[in-house]
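Letters A, B, ... mirror the listed sequences (proteins, then strands); counts begin at 1.
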Amino acid sequence: MDSVFTNAQLAVEELPRAASVTYEPLSRAYLSVDLLGLWLGRLAILFIFLLYTYLTEDFPNWLRWSIAGLWGFLLLASTLIRYFGFKIKGYAVRQHDLMYRRGLLFRTLTVVPFSRIQHSEVQQGIIERQFGLARLAVYTAGGSQSDIMIPGLKQEQAEQIRQFLSQKLAVDEEE
Amino acid sequence: MPQRQSEAAIIIFIYNFVVRILRGAWPILLVLFFRSGDEQSRWEILTNSVVLFGGLFSLAVSIVAYYRYFYHVEDEQLIIQKGVFNRSRTKLPFERIQNLHIEQNVLHRMLSVVSLRIESAGSTGSEVTIDALKRPEAELLRDYIFEQKEEIAVDKEGEATAASAQPSSLVLELSLSDLLRVGVTQNHLATAGVIVGGVFGFVFTVAGTIGEEAWKQLSELSPRLQPDTFMGYVYLAIALFIIAFVVTLLRTVSRYYQLRFYEQRDAFSLHAGLLNRREARMQKRKIQLVRWADNPLRRLLGLYRLTIHQAVSGRVGRRENISIPGCRQAQVDDVLHSSFEGVEGAAFENHGISKHYYLWFWRFYGLLPGLIFGGLWWFLGEPRFALPAFGFPILALIYLRVYQQRFQLGVSAAYLRPVRGVLGRSYDLLPMYKVQSVSITQSFYQRRRQLATVQFFTAGGDLTVPFVPLKLARALQDYVLYKGESSREEWM
């Protein structure tokens, strides 16, 4: 498995390498946004669950608290994963494509050439809006796994990149 | 000049309406049917009148709908005016029309009409169907629209030949004996699985309603099917397999009857079907990837199933693939050479995948079930768990190991060609410049061993290459991206 492309070996050495890129990190504030959203959502569900169990007659106490405990444990696990996974998240804009890296346990790098972008959107959730952050969603024709969603960008930054992408699209179509 | 459809449209409308209702309401109807023993007269009158009223209503609606449906062509657009309660006027520019298909189901064939299905691009990814036209009219409309589209393209790019004027050559025609060969060598196990699933689903949803009585009656019918004895299982399995075999055979014959596969300069078209006759047309430049596959039986006969994957323009829409069973190697090569440039001379370098593939997956598909069944065997003391307790680990090991050893990714200067399969082999050919994006993923297990999984996404399907060395994954990613970004060719 040492040699890669024997007939194209020269070309590979000279090719731009995805591995040699330095990634732009996401806004620090995004970590708070993400965790806030996570906790709000999960605690809300827990609350509804507990309410339900108290309103129902004869709901066994041990069952109630073991489920709650399990839920809490999963919440903690998710928090840790997101906390440590935050550092890994990063993106890079190259001359011809867009790169996005994420994942603590499953490290994933997705690269989408500009010429393959169908369209791009800037999206904002309620919490994100409070922090002035936004998400950049880039869609391809390759199905949802092929798309890129970059969270944690400052709003102006996201819109800047989106503008840049649509210019690139227009140029490539004219060629 | 707005036109009406053929009068047969009325009948087709009724049929569609009834089918839609049945599809939604069949469990209710079934319950009614079984319950008809109790509470007769009042209930019967009610249901009878509902059915009667429903029938008359659908008939009336269909007649009115027919009279209010007009289609015509104007200004490089197809305009359809329709609607009983909600009048609507749909304007479909020819430019947005991706493809036109002429189809017939059983009813159409009895009435000697065809339906024209129009695929269009756009954010809603809509599809318009004109339900009933006489065949000459449908073909006239289709050819006219294609011609107009070519002319529009001429204004833009400066070269075209009208689609209908291109000569077509016959690539493959399935004779009856070929068809039977295909039908017999189909994957019957898959059908058996579907039947089992369907039966279980049916039993779950309806059994409660039917009640114990009916169920007892069914089992009394066939004493051989007592599920408690071993022989009972065997008989059940044999019966199931025979049913699956017959069903698959009938389905195959019905689907691929009189199959004709044509090639024009810029497109392929496939005509096939007995009860539902379909004509599918696919432009060559829209082809994203081509797959051909066999199974052990088919390999003896030298037959492949050739599937051509294309993209439907825009985000939404299902992918329309052409699937042709019963191809010989020569025809497969023909299709490949005329769809992709430079494939004949391509030199492929083959790469395998790491043995960690089977080591990793065996834990889930072999060891885990083995432990579960082993545990059940140990704690419940039932000997019938012994077989799966040993079977799963052993079979999984063999299967995964063979899969790993036989997986080959062929890489040429411009193409990817993965070859996979344990019992049957499947071959894909994917031009690199068609790739939409490339993704490298590493699980923790893979990271420690410098391995990765690469995924190539196209608009016609994805290619996943598991457990390759990280260096190779990166090189592939860099190279394929380079091919896609530096190519001037339109990927569709």
Does [X], at its [atom1] atom, have more than 12 non-hydrogen atoms belonging to other residues, nucleotides or ligands within less than 6.0 Å?
X	atom1	value
A:Y83	OH	no
B:F444	CZ	no
A:I126	CD1	no
B:Q405	CD	yes
B:F361	CZ	yes
B:K284	NZ	yes
A:F49	CZ	yes
B:R305	CZ	yes

Given that the side chain runs from C-beta out, which part of [X] has a heavy atom under 4.5 Å from chain B: side chain, backbone, both or neither?
X	answer
A:L109	both
A:L104	backbone
A:Q145	both
A:R94	side chain

Which atoms of [X] are under 4.5 Å from chain A, going by heavy atoms: the side chain, the backbone, both sets, or neither?
X	result
B:I440	both
B:V468	neither
B:Q455	side chain
B:Q442	both

To the nearest 0.5 Å, tell me how far [X] [atom1] sits from [Y] [atom2].
X	Y	atom1	atom2	answer
A:L105	B:R447	CG	CZ	7.5 Å
B:S439	A:R101	OG	CZ	13.0 Å
B:F457	A:D147	CZ	CG	9.0 Å
B:Q446	A:F106	CD	CZ	8.0 Å

Most contacts with chain B, counted as non-hydrogen pairs under 4.5 angstrom, among A:H96, A:Q95, A:M99, A:R116 =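 Ranked by contacts with chain B, first place is A:R116.
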message = Determine whether a donor-acceptor pair (N or O, by modelled atom type, separation under 3.5 Å) exists between the side chain of A:R17 and the backbone of B:D478.
response =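 Checked: no pair found.
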request  = Let me see the working for A:S146 and B:S437 under side-chain hydrogen bond (donor to acceptor under 3.5 Å, both in side chains), right down to the final yes or no.
outcome  = CA-CA 6 Å; A:S146 169; B:S437 75; 2.8 Å; yes
